[in-house]
Q: 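I have a structure I would like to understand better, so I am pasting it below and will then ask my questions one at a time.
Index from 1, following the sequence. No hydrogens, no waters, no symmetry mates; every other heavy atom, side chains included, goes into these values.
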Amino acid sequence: DLRVLTQSLDPGHVADDQIHHHGIRSESFVAGHILFKSGDARDYAYLIDTCAVEIRNSSGEVLDTLGPGEIFGEMSRSDDGVRTATACTT
């Protein structure tokens, strides 16, 4: 499961008591689901609950594997709004 951060929050300060009060929803995805691709327009940041997510470059090389408690996708909020990597559930 992933929590989709639908509103702008400071990723370093997302406490459990904020999860249900700030436009955050939980979603489940099957393994292999591409959440976003490099070059996509930004939409949301994600907080991992129980799955793992691979972050891949444009060649498909795995740059990092993230797990429960980690937030990703927030970088596009601070740059030009374009995704710089691909995120895929494992």
Q: Can you name the nearest heavy-atom pair linking Cys51 to Pro68, along with the distance?
A: O-CD, 3.7 Å
Q: With sequence neighbours left out, write down each residue that passes side chain to side chain donor-acceptor pair (under 3.5 Å) with Ser28, or none if nothing qualifies.
A: Asp1
Q: Looking at SG of Cys88 and CZ of Phe36, how far apart are the two atoms once the value is rounded to the nearest 0.5 Å?
A: 10.5 Å
Q: Rounded at 0.5 Å granularity, tell me how far OG1 in Thr84 sits from CZ in Arg42.
A: 13.0 Å
Q: What is the minimum heavy-atom distance between Asp40 and Lys37, and which atoms define it?
A: OD2-N, 2.8 Å
Q: Please examine the side chains of Val53 and Ile48, heavy atoms only from C-beta on, and report whether any two atoms are closer than 4.5 Å.
A: yes
Q: Is Thr89 reaching over with its side chain to a backbone N or O of His33, donor-acceptor style, under 3.5 angstrom?
A: yes
Q: Rounded to the nearest 0.5 Å, what separates atom CG in Leu63 from atom CG in Asn57?
A: 4.5 Å
Q: Identify the two heavy atoms, one from Tyr46 and one from Arg83, that lie closest to each other, and give their separation to 0.1 Å.
A: CE1-NH2, 4.2 Å
Q: Before giving the answer on side chain to side chain contact (heavy atoms under 4.5 Å, CB included), spell out for Thr86 and Ile55 the whole-Å C-alpha distance, their side-chain angles and the decisive distance to 0.1 Å.
A: CA-CA 6 Å; Thr86 297; Ile55 305 299; over 6 Å; no
Q: Are the side chains of Asp64 and Phe72 in contact, using a 4.5 Å heavy-atom criterion?
A: no
